[in-house]
> 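Submitted below is the structure of interest, expressed as structure tokens.
Just so it is clear, the values below take in all heavy atoms, side chains as well, and ignore hydrogens, waters and symmetry mates. Nothing here was measured: the structure is a model prediction, and the numbers come from that model.
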Amino acid sequence: MTIKTYRQALHDTLRSEMLRDENVLLLGEEIGVFEGSYKITAGLLEEFGEKRVRDTPIAEEGFTGAAIGAAMLGLRPVVEIMTINFSLLALDQIVNHAAKIYGMFGGQARVPLVIRTPGGGGQQLGATHSQNIELYYAFVPGMKVVAPSSPADAKALLLAAIRDDDPVLFLENLALYNTKGEVPDDDIPAEIGRAAVTRTGSDITVVAYSRMAAVALQVAEQLAESDGIDVEVVDLRSLRPLDRETIIASVRKTHSAVVLEDDWLTYGIGAEIAATISDGAFDDLDAPVRRVAMAEVPMPYSKPLETAALPSAADAAEAIRQTLAAVGRRA
């Protein structure tokens, strides 16, 4: 094990995969000379050259389409879209081409494409640069969507995404880049579509992904110390395919659930999780599923308002306490 930041884990994994497979190449805005807006690609242009680290114009639809074509012809492109907000400019290429080519043409062509893109608020980047719109892509059959919450998962899921023969949207969160954790020294990919129980518990299940999965772990430890509440944390890791079995098994054990997401409540990932629990563990529930999400407003630029709009550890803790109090299991 080596202690690394989330940012460094991504960088090192890209480098190791480029060394392992000459068909892996990188495309994106300012990823070469400038070394990436978030420095994930620092040093890679110098090491691998312009043929494999390609600075692109500010034209998301164009370079995403070019990457899809390259993937169909046998390369393994890793596209960096500067923020998930800008992926909207490539929506047609992602949804109507990358996700559908394999099915529409009877498996004659695969699209082994990875699209890396960060999102999330808290950085005072304004309403059009602070969204988590992964729901747009998790909704689409033919796509795989993963959301690592730790440096270890950033490595394992990126390995899996690059080696996968289907298009994978790889979600990052700006607030996670400087977080640190142990990263295995091996190169064993994760299983896309498999959630992780990152903390076992008996009182209540908390389901989350990306930044909120890290928040869930923090809250679980705090509540164990302050309230004696034993929280089980399920980190989704993958939004499509979704590991419904792990979620249901956890809720059947704890008999209650809270879902955390870093996005708007209405029509969100949390709604899908709540429906999954209702379908698979309704008779095991002692209380309704509670959901914690951000305020349903365009993200404010003002720092106090932005902080108020985002879901917090305090919001999660209160939802857990209220859920357990509703059935008299905790005061």
> Given side chains that start at C-beta, do those of Glu60 and Gln93 come closer than 4.5 Å, heavy atoms only?
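No, side chains not in contact.
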
> Hydrophobic clusters here meaning ILVMFWY residues chained together by side-chain heavy-atom distances under 4.5 Å, can you tell me if Ile273 and Val289 are in one?
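Looking at the clustering, Val289 is in the same group as Ile273.
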
> What distance separates Phe48 CZ from Thr41 OG1, expressed to the nearest 0.5 Å?
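Interatomic distance, Phe48 CZ to Thr41 OG1, rounded to 0.5 Å: 11.5 Å.
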
> Any side-chain heavy atom of Gln131 within less than 4.5 Å of one from Met299?
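SC-SC contact between Gln131 and Met299 ruled out.
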
> Is there side-chain contact between Glu272 and Arg244, with at least one heavy-atom pair below 4.5 Å?
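Yes. Closest side-chain heavy atoms under 4.5 Å.
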
> Nearest 0.5 Å please: distance from the CZ atom of Arg237 over to the OH atom of Tyr209.
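Arg237 atom CZ to Tyr209 atom OH measures 16.0 Å (nearest 0.5 Å).
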
> How far apart are the C-alpha atoms of Phe34 and Glu29, what are their side-chain angles, what is the distance that settles it, and do they pass the side chain to side chain contact (heavy atoms under 4.5 Å, CB included) test?
CA-CA 9 Å; Phe34 189 66; Glu29 297 155 349; over 6 Å; no

> Any donor and acceptor pair, going by atom type alone, linking the side chain of Glu306 with main-chain N or O of Gln124 inside 3.5 Å?
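Yes, the answer is positive, given that a donor and an acceptor are paired below the 3.5 Å cut-off.
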
> What residue among Asp263, Asp235, Asp262 forms salt bridge (Lys or Arg N to Asp or Glu O under 4.0 Å) with Arg211?
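Among the candidates, only Asp262 passes.
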
> Could you tell me if the side chain of Ile320 sits less than 4.5 Å from the side chain of Leu223, heavy atoms only?
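Yes; the side chains approach each other to less than 4.5 Å.
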
> Would one find more than 12 heavy atoms of other residues, nucleotides or ligands at under 6.0 Å from atom CD of Glu47?
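Yes - once you tally the heavy atoms of other residues, nucleotides and ligands closer than 6.0 Å, there are more than 12.
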
> What pair of heavy atoms forms the shortest contact from Ala214 to Leu176, and how long is it?
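Shortest heavy-atom contact: CB-CD2, 4.4 Å.
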
> Is there a donor-acceptor pair under 3.5 Å between the side chain of Lys155 and the backbone N or O of Asp186?
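Yes, the answer is positive, given that a donor and an acceptor are paired below the 3.5 Å cut-off.
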
> One pair to check against side chain to side chain contact (heavy atoms under 4.5 Å, CB included): Val140 and Lys100. What are the steps and the verdict?
CA-CA 9 Å; Val140 180; Lys100 294 183 172 62; 4.2 Å; yes

> Could you check whether atom CD of Gln322 has more than 12 heavy atoms from other residues, nucleotides or ligands sitting under 6.0 Å from it?
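Counting neighbours around CD of Gln322, more than 12 heavy atoms of other residues, nucleotides or ligands fall under 6.0 Å, so yes.
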
> So, the side chain of Thr254 versus the backbone of Thr205: is there a donor-acceptor pair under 3.5 Å, distance only?
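Here the side-chain-to-backbone pair exists.
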
> Can any side-chain N or O of Asp166 pair as donor or acceptor with the backbone N or O of Pro112 at less than 3.5 Å?
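No: the side chain of Asp166 does not pair with the backbone of Pro112.
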
> Kindly compute the distance separating OH (Tyr38) from CG (Asn178), expressed to the nearest 0.5 Å.
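One finds 12.5 Å between OH of Tyr38 and CG of Asn178.
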
> So do the side chains of Asn132 and Asn173 get within less than 4.5 Å of each other, counting heavy atoms only?
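Heavy-atom side-chain distance check passes, below 4.5 Å.
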
> I'd like to check Leu265 versus Glu296 (side-chain heavy atoms, cut-off strictly below 4.5 Å). Are they in contact?
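Yes, at least one pair of side-chain atoms sits under 4.5 Å.
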
> Which atom names give the shortest non-hydrogen contact between Val233 and Ala213, and what distance separates them?
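Looking at all heavy atoms of both residues, the shortest contact is CG1-O, 4.4 Å.
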
> Without swapping roles, check the side chain of Glu261 against the backbone of Gly270 for a donor-acceptor pair under 3.5 Å.
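Here the side-chain-to-backbone pair exists.
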
> If you count heavy atoms of other groups shown closer than 6.0 angstrom to CG of Leu19, is the number above 12?
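Counting neighbours around CG of Leu19, more than 12 heavy atoms of other residues, nucleotides or ligands fall under 6.0 Å, so yes.
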
> Spell out, as yes or no, whether a donor-acceptor pair under 3.5 Å connects the side chain of Ser250 to the backbone of Ile247.
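Pair absent, no side-chain N/O of Ser250 close to backbone of Ile247.
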
> Is Ile162 close to Val114 at the side-chain level, that is, under 4.5 Å between some pair of heavy atoms?
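Of all side-chain heavy-atom pairs linking Ile162 with Val114, at least one is under 4.5 Å.
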
> Salt-bridge test for Arg163 and Glu17: reply yes if a basic N is under 4.0 Å from a carboxylate O, no otherwise.
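Yes, charged N to carboxylate O under 4.0 Å.
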
> Does any N or O in the side chain of Asp55 come within less than 3.5 Å of the main-chain N or O of Val33, such that one atom is a donor and the other an acceptor?
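Confirmed, Asp55 side chain pairs with Val33 backbone.
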
> Run the side-chain hydrogen bond (donor to acceptor under 3.5 Å, both in side chains) check on Ser312 and Asp315 step by step: do they pass?
CA-CA 5 Å; Ser312 67; Asp315 296 331; 3.1 Å; yes

> Would you say the side-chain atoms of His11 pair up with the backbone N or O of Ala42, donor to acceptor, closer than 3.5 Å?
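Confirmed, His11 side chain pairs with Ala42 backbone.
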
> Might you point out which heavy atoms bring Pro167 and Gly142 nearest each other, and give the distance in Å?
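Looks like CG-O, 3.4 Å.
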
> Answer yes or no: does atom CZ of Arg252 have more than 12 heavy-atom neighbours from other residues, nucleotides or ligands under 6.0 Å?
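Yes, enclosed.
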
> Apply the test side chain to side chain contact (heavy atoms under 4.5 Å, CB included) to residues Leu26 and Glu80: give CA-CA distance (whole Å), side-chain angles for both, the deciding distance (0.1 Å), then the verdict.
CA-CA 8 Å; Leu26 313 182; Glu80 179 178 309; over 6 Å; no

> Could you state whether Tyr6 and Ile3 fall into the same hydrophobic cluster, counting links through intermediate Ile, Leu, Val, Met, Phe, Trp or Tyr residues with side-chain heavy atoms under 4.5 angstrom apart?
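No, because Tyr6 and Ile3 fall into different hydrophobic clusters, even though each may have its own neighbours under 4.5 Å.
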
> I'd like to know if Arg76 and Asp164 make a salt bridge, using a cut-off of under 4.0 Å between side-chain N and carboxylate O.
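Not counted as a salt bridge, because no side-chain N and carboxylate O are separated by less than 4.0 Å.
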
> Report yes or no: do Leu158 and Val53 belong to one cluster of Ile/Leu/Val/Met/Phe/Trp/Tyr joined by side chain heavy-atom distances under 4.5 Å?
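Leu158 clusters together with Val53.
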
> Verify the cluster assignment for Leu260 and Ile248: are they in a single hydrophobic cluster under the rule of side-chain heavy atoms below 4.5 Å apart?
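No; tracing contacts between hydrophobic side chains, which count when under 4.5 Å, never links both residues.
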
> Mind listing the closest non-hydrogen atom pair of Ile188 and Ala156 along with its distance?
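Minimum heavy-atom contact is O-CB, 4.0 Å.
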
> Is there side-chain contact between Tyr301 and Ser130, with at least one heavy-atom pair below 4.5 Å?
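Result no, sub-4.5 Å side-chain heavy-atom pair not found.
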
> Answer yes or no: is there a donor N or O on one side and an acceptor on the other, between the side chain of Asp203 and the main chain of Asp230, under 3.5 Å?
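Present.
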
> Sub-3.5 Å donor-acceptor pair from the side chain of Arg110 to the main-chain atoms of Tyr102, do we have one?
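No: the side chain of Arg110 does not pair with the backbone of Tyr102.
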
> Evaluate the criterion side chain to side chain contact (heavy atoms under 4.5 Å, CB included) for residue pair Met143 and Val95; output intermediate values, then yes/no.
CA-CA 8 Å; Met143 291 294 299; Val95 170; over 6 Å; no

> Quick check for you: to the nearest 0.5 Å, what is the distance between Ile269 atom CD1 and Glu134 atom CD?
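Answer for the CD1-CD pair, Ile269 versus Glu134, is 6.0 Å.
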
> Please determine whether the number of non-hydrogen atoms from other residues, nucleotides or ligands lying under 6.0 Å from atom CZ of Phe86 exceeds 12.
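Yes, CZ of Phe86 has more than 12 neighbouring heavy atoms, counting only those of other groups under 6.0 Å.
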
> Calculate, to the nearest 0.5 Å, the distance between atoms CD and OH belonging to Gln123 and Tyr177 respectively.
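That separation rounds to 10.5 Å.
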
> Examine Leu88 and Ile81 and state if one hydrophobic cluster contains both, with Ile, Leu, Val, Met, Phe, Trp and Tyr joined whenever side-chain heavy atoms are less than 4.5 Å apart.
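Yes.
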
> Does CZ in Arg291 sit with more than 12 non-hydrogen atoms of other residues, nucleotides or ligands closer than 6.0 Å?
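Correct, the count exceeds 12.
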
> State whether Lys253 and Asp284 are salt-bridged, where the test is any N-O pair (Lys NZ or Arg NE/NH1/NH2 against Asp/Glu carboxylate O) under 4.0 Å.
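Looking at Lys253 and Asp284, the cut-off is not met.
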
> What are the two closest heavy atoms between Ala9 and Ala154, and how far apart are they?
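Where Ala9 meets Ala154 most closely, the heavy atoms are CB-CB, 4.5 Å.
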
> Distance to the ring centre below 6.0 angstrom and angle to the axis at most 45 degrees; does that hold for Lys144 and Tyr137?
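Pair Lys144/Tyr137 does not count as cation-pi.
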
> Atom CG in Leu44, atom CG in Leu25: separation rounded to 0.5 Å?
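CG of Leu25 is found 12.0 Å from CG of Leu44.
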
> Please find the pair of heavy atoms, one from Ile204 and one from Ser256, that lie closest to each other, and give the distance.
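Smallest interatomic distance, heavy atoms only, reads CG1-OG, 3.2 Å.
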
> Does Pro300 have any side chain to side chain contact (heavy atoms under 4.5 Å, CB included) partners at least two apart in sequence or in another chain, and if so, which?
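Listed in chain order: Val297, Leu305, Ala309.
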
